[in-house]
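Structure record follows, encoded as structure tokens.
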Amino acid sequence: MSTTSEQQEIVQLRQLLHRYNYSYYVLANPEISDYEFDQQLRHLQELEQRHPELFDPNSPTQRVGSDLAANGFRQQRHERPMLSLANTYSFAEVEDFYHRVEKGLQGDFEIVCELKFDGTSISLIYEDGALQSAVTRGDGNMGDVVTDNIRTVNTVPLQLQGDFPSRLEMRGEVLLPWQEFNRLNNERCANLETPFANPRNAAAGTLKLLDSKEVARRKLDVILYYLLTDEQVCDTHYDSLQKAHTWGFQISEHTQVCHSLQEVLDFIATWDEKRHTLPVATDGMVLKVNNLQQQKRLGSTAKCPRWAIAYKFQPEQAHSRLLSVSFQVGRTGVVTPVANLEPVQLSGTVVRRATLHNADFISQLGLFEGDVVSVEKGGEIIPKITGVVMSERQAMAQPIIYPKTCPECGAVLERIDDEAATICPNRLCPPQIKGRIEHFVSRKAMNIDGLGTETIATLYDLGLIRDIADLYDLKPMQLTTIEGLGEKSVNNLMASIVESRKVPFERVLFALGIPGCGEQVAKILARQFKNIDAIANASMEQLTHINDIGVVLAQNIINYFDDIENIRLLERLRSHGLTMETTTSQEPTSDILAGKSVVVSGVFSQHSRDEYKAIIEQNGGKVVSSVSKQTSMILAGENMGPSKREKAEALGVRIVNEDEFLAMIK
């Protein structure tokens, strides 16, 4: 066969196999047998091997993924923010939403009712019908690019068919079907690995694997529920979905256009009963105004659209017998009790553990050994116990006694005054050490890639790390013999540790894990005191004089720097080259907004909300979240929250738009 003929055959086979995939996975109507499909796919692979110059990442042969690990996931800004939905939990709240829409539109409207699938959100971008990128929701403005992993999902079309727009975005949910979830958990248990808590977590974790070949093996699914494009496709949301289905997208068949409030309520009631028959997890319904022009008229708040709302099903309950209580120690020393239960089916998953919160909670429950308890699971990863079935209490049962000593290190536990928490005061308690290291290396702190929970535990157990400063003493030869850490992983980890020395002072301060010192407080302290020594020597009066720092937080900061071990740790970190002072680039570049408190609200075109917040701080201003008499101004974008506008107008707070603001700061 000539080269030209083979090239033509490659193109034709790709088109044909794309169609077969769509018929099999989306329409559930296979056109050919599995054997015939495999034979044609194998033939395409052979042709592509002979013609590497024709490589196409969207070829059907690429669905198997690659076992070559990437260096992580780069982030990408969403073209349009991925807003969250306001949640409701009762028919009364659904009625309130319906009447708000009715009042806002002053005319007839339809509501599209859809199942709310319990997975992880995804945005798919297509150009000229070809999949270009897949990005997770992230923080709504930016997400992780997971295109290679999404290409392994059979229900995601790699090449569209029909009369699709030249550029479009489809949003949906990445899911792990119940059958696959159970298979994976059985496999993990057999390998003595921790099972996944629920399909949502399993789907999210799978999507972030660096090995796309393993992603392909886990058989994720994707259901799409929203089309975004600059081209006019249809007048309604429902018709847009049906049109997208013809292009190759999997759309839920359990979607209904409702013309009255009663139809909406009936749809919810029906699926509250039927949802357990579905092959994937659901946790509620989504209600959307159908007409796209009406959606635009209603607009959005800063966080969520006014034309849509989520109805969450009521948490399910079940009864189970208490087998034992475990007491777990966190990085700050807080001891958290967890109930170990007889396995019970709840919300489609097998529940074996439930949180007991603290000693007061156990006391209020009146929990005894071997009690039968009511277990509830809504959106929680670990279910909670809501009551005791007293009629099932066993004779001679004894009450659960909170331990007096740490279950990990044996230190005498302490109760924090005016709080429910019980803590282990031993800073050398192993779970505390590991927890502090996990916090230190996290993305928003030092951002050291390659150090997950299991790797940190391994390094600790081998005696290679005992505190956060030990990370900077690690040598490649110490790591290459550790199972699971190949040469490439070790090199990437060492490079990430070196790179962390460039992390700005405010993030180093956050990474130290001072109790109560979150990202924002760390930023305030860094800008107020400029360096670590000034913070270490700050008095109670100096600290509490700063807005957002109260007496308790100030005392936590003082206590941290009064500890000689912490001072020694800081000196070691300083010797390793970590940033211990505010650099010129971190300081405000002007005082144009000095002393001004600014609220940022709405959607912007020239900069993102986070960028505007940074600009305000760089010009000496302070970003605040709510409008009050102390607010100096509101930077307002499109669809500014109506409540903020009303309050601003009532208080006489100045409202400026993007152009006015940028002109103001020159």
Side-chain angles (χ1 to χ4, degrees), residues 331-333 425-428 432-433 435-448 465-474 496-591 594-595 614 616-623:
R331 74 174 174 89
T332 60
N426 177 19
R427 59 181 291 112
L428 298 180
Q432 294 186 52
I433 295 174
R436 288 195 294 268
I437 296 172
E438 284 185 44
H439 172 75
F440 184 79
V441 305
S442 62
R443 176 181 289 183
K444 293 184 178 180
M446 303 305 289
N447 192 27
I448 299 177
I465 53 175
R466 283 293 181 265
D467 58 42
I468 55 179
D470 285 342
L471 294 170
Y472 296 91
D473 293 324
L474 289 173
S496 189
I497 290 174
V498 170
E499 190 68 18
S500 73
R501 291 183 170 94
K502 301 176 185 178
V503 164
F505 175 47
E506 61 196 41
R507 281 173 52 192
V508 175
L509 194 56
F510 169 61
L512 296 178
I514 301 171
C517 183
E519 290 177 82
Q520 189 60 32
V521 170
K523 189 180 295 185
I524 292 169
L525 288 171
R527 290 180 180 172
Q528 180 72 25
F529 292 100
K530 311 301 184 189
N531 62 66
I532 196 74
D533 297 317
I535 299 173
N537 294 316
S539 66
M540 173 67 75
E541 183 180 1
Q542 287 175 302
L543 290 167
T544 54
H545 186 69
I546 302 171
N547 288 337
D548 300 325
I549 297 183
V551 174
V552 174
L553 177 53
Q555 190 61 57
N556 287 344
I557 296 169
I558 291 171
N559 291 345
Y560 182 87
F561 290 101
D562 279 347
D563 189 323
I564 188 63
E565 292 301 323
N566 287 335
I567 297 302
R568 289 172 180 164
L569 188 68
L570 288 170
E571 288 307 313
R572 288 179 61 202
L573 293 174
R574 196 197 301 262
S575 71
H576 285 297
L578 272 67
T579 307
M580 292 295 175
E581 61 183 1
T582 303
T583 62
T584 302
S585 61
Q586 291 172 268
E587 296 177 354
T589 55
S590 82
D591 59 358
I616 291 166
E617 291 173 344
Q618 282 292 309
N619 285 276
K622 177 184 177 183
V623 179

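We count residues from 1, following the sequence as given.
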Notebook entry, point to check: For Arg572, what residues pass the salt bridge (Lys or Arg N to Asp or Glu O under 4.0 Å) criterion, not counting sequence neighbours?
Noted result: Asp467, Asp470, Asp473

Next item on the list: Taking all non-hydrogen atoms of both residues into account, name the closest pair between Phe505 and Asn531 and its distance.
Entry: CZ-C, 3.6 Å

Notebook entry, point to check: What's the shortest heavy-atom distance between Ala469 and His576, and which atoms?
Noted result: O-NE2, 3.9 Å

Next item on the list: Considering non-hydrogen atoms only, spot the tightest contact between Gln542 and Ser539 and give its length.
Entry: OE1-N, 2.9 Å

Check: Do you know the tightest heavy-atom contact between Leu578 and Phe440?
Finding: CD2-CZ, 3.9 Å

Note to self: Asn556: which residues meet the side-chain hydrogen bond (donor to acceptor under 3.5 Å, both in side chains) condition with it, sequence neighbours left out?
What the structure shows: none

Note to self: Could you check whether atom NE2 of His545 has more than 12 heavy atoms from other residues, nucleotides or ligands sitting under 6.0 Å from it?
What the structure shows: no

Checklist line | For the student: nearest non-hydrogen atoms of Phe510 and Cys517, plus distance | finding: CD1-O, 3.6 Å

Next item on the list: Please name all residues satisfying side-chain hydrogen bond (donor to acceptor under 3.5 Å, both in side chains) with Ser575, sequence neighbours left out, ordered by chain then number.
Entry: none

Notebook entry, point to check: Closest approach of Ala511 and His439, non-hydrogen atoms and distance?
Noted result: O-CD2, 3.3 Å

Notebook entry, point to check: Which residues satisfy the salt bridge (Lys or Arg N to Asp or Glu O under 4.0 Å) test with Arg574, sequence neighbours excluded?
Noted result: Asp533, Glu571

Checklist line | Sequence-distant partners of Glu541, salt bridge (Lys or Arg N to Asp or Glu O under 4.0 Å), two or more places apart | finding: none

Margin query: salt bridge (charged side-chain N to carboxylate O under 4.0 Å, His left out), that's the test. Do Arg331 and Glu438 meet it? Break it down for me.
Written below: CA-CA 9 Å; Arg331 74 174 174 89; Glu438 284 185 44; over 6 Å; no

Check: Listed by chain and number, what are the side-chain hydrogen bond (donor to acceptor under 3.5 Å, both in side chains) partners of Gln528, not counting sequence neighbours?
Finding: none

Check: Are the side chain of Thr579 and the backbone N or O of Val503 linked by a donor-acceptor pair below 3.5 Å?
Finding: yes

Note to self: Between Thr582 (side chain only) and Arg527 (backbone N and O only), is there a donor and an acceptor less than 3.5 Å apart?
What the structure shows: no

